[in-house]
Amino acid sequence: SPLVNELRQAAIRLLARREFSRAEIARRLSALGTSEEIDQVLSELQASGLQSDTRFAGAWLRGHAARHGLSRLRQDLRQRGIAESDIDAELAGAGLPPELERARDIWSRKFGTPPADAREWARQARFLQSRGFSTDVIRRLLREFTA
């Protein structure tokens, strides 16, 4: 039908700009058609390889892993409709540097100097926490300066 063609073209225009998850495209197309029509178009795009949640998750990780910890990366992918099994598979295969190393890189770009007192320690810890690093990683990183 003409509407399905219109939905397909809109989805392809989105995918021409960057990778999108199936859920993101469905959300963006929701005002243009019924959920059945959108689902049909998305299934066709997945079958033809034009849309892939796995490819989206990989691209997302490459673009965001340098700035965020694992819990934040997981949460962001979950919010974009990626299945937990796909998130696990992509994280396992992404070849990311260890969490502590990534936290250290982010910390040194943002702060560069060890916390001088408890207030500064807490401020730096909160920043790293907001980036999705675990309490364990934050403690280990900030303890490097108090030893």
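Note that the structure is predicted; figures quoted are calculated from it, not measured.
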For this session: Could you pull out the closest heavy-atom pair between Ala94 and Leu61, with the gap in Å?
Result: CB-CD1, 4.2 Å

For this session: Check the hydrophobic clustering (I, L, V, M, F, W, Y; side-chain heavy atoms under 4.5 Å; chains of links allowed) and say if Phe56 and Leu73 are grouped together.
Result: yes

For this session: Answer yes or no for Arg18 and Phe20: cation-pi contact, defined as NZ/CZ to six-membered ring centre under 6.0 Å and angle to ring axis within 45°.
Result: yes

Seminar exercise, completed: To the nearest 0.5 Å, atom CZ of Arg80 lies from atom CD of Gln75 at 9.5 Å

For this session: Run the salt-bridge test on Asp105 and Arg109 with the 4.0 Å N-O cut-off and return the result as yes or no.
Result: no

Problem set entry | Side-chain donor/acceptor of Arg67 to backbone N/O of Gly63, under 3.5 Å | yes

For this session: Report yes if some heavy atom in the side chain of Val4 is under 4.5 Å from a heavy atom in the side chain of Arg8; otherwise report no.
Result: yes

Exercise. Checking Arg72 side chain against Ser130 main chain: does a donor-acceptor pair fall under 3.5 Å?
Worked result: yes

Exercise. Between Gln124 and Glu120, is a side chain to side chain donor-acceptor pair (under 3.5 Å) present by the stated rule, with each step listed?
Worked result: CA-CA 6 Å; Gln124 291 185 12; Glu120 182 60 19; 3.0 Å; yes

For this session: Answer yes if Leu96 and Ile87 sit in the same cluster of Ile, Leu, Val, Met, Phe, Trp and Tyr residues linked by side chain heavy atoms under 4.5 Å apart, and no otherwise.
Result: yes

Exercise. Does Gly49 offer a backbone N or O that forms a donor-acceptor pair with the side chain of Arg55 under 3.5 Å?
Worked result: yes

Problem set entry | Spacing of Gln9 atom CD and Leu14 atom CG [to the nearest 0.5 Å] | 11.5 Å

For this session: May I ask you to say whether Arg102 pairs ionically with Glu99, meaning some side-chain N is under 4.0 Å from a carboxylate O?
Result: yes

Problem set entry | Salt-bridge criterion met for Arg22 and Asp39 (N-O under 4.0 Å) | yes

Exercise. With distance as the sole test, does Ser21 use its side chain to make a donor-acceptor pair with the main-chain N or O of Gly81 at under 3.5 Å?
Worked result: no

Problem set entry | Note: Arg27-Glu24 ion pair, threshold 4.0 Å (strictly below) | no

For this session: Indicate yes or no: at least one non-hydrogen side-chain atom of Leu7 is less than 4.5 angstrom from one of Gln40.
Result: no

Exercise. So, does Arg140 use its side chain to make a donor-acceptor pair with the main chain of Asp136 at under 3.5 Å?
Worked result: no

Exercise. Do Ile82 and Leu42 sit in the same hydrophobic cluster, where Ile, Leu, Val, Met, Phe, Trp and Tyr count as joined when their side-chain heavy atoms come under 4.5 Å apart?
Worked result: no

Exercise. Between atom OG of Ser35 and atom CD of Glu37, what is the distance when rounded to the nearest 0.5 Å?
Worked result: 9.0 Å

For this session: Hey, could you give me the CD1/CZ distance between Ile138 and Phe133, rounded to the nearest 0.5 Å?
Result: 8.0 Å

Problem set entry | Arg17 side-chain N/O to Arg13 backbone N/O, donor-acceptor pair under 3.5 Å | no

For this session: List the atom of Ala10, the atom of Leu32, and the distance in Å for their closest heavy-atom pair.
Result: CB-CD1, 4.2 Å

Problem set entry | His64 and His68 aromatic ring geometry - parallel, tilted or perpendicular at 30°/60° bounds | parallel

Problem set entry | In one Ile/Leu/Val/Met/Phe/Trp/Tyr side-chain cluster, 4.5 Å: Leu15, Ile38 | yes

Problem set entry | Connected via hydrophobic side-chain network under 4.5 Å: Leu70 and Leu100 | no

For this session: Would you give the length of the straight line joining atom CD1 of Ile25 to atom OG of Ser30, rounded to the nearest 0.5 angstrom?
Result: 12.5 Å

Problem set entry | Leu29 versus Ala11, closest heavy-atom pair with distance | CD1-CB, 4.0 Å

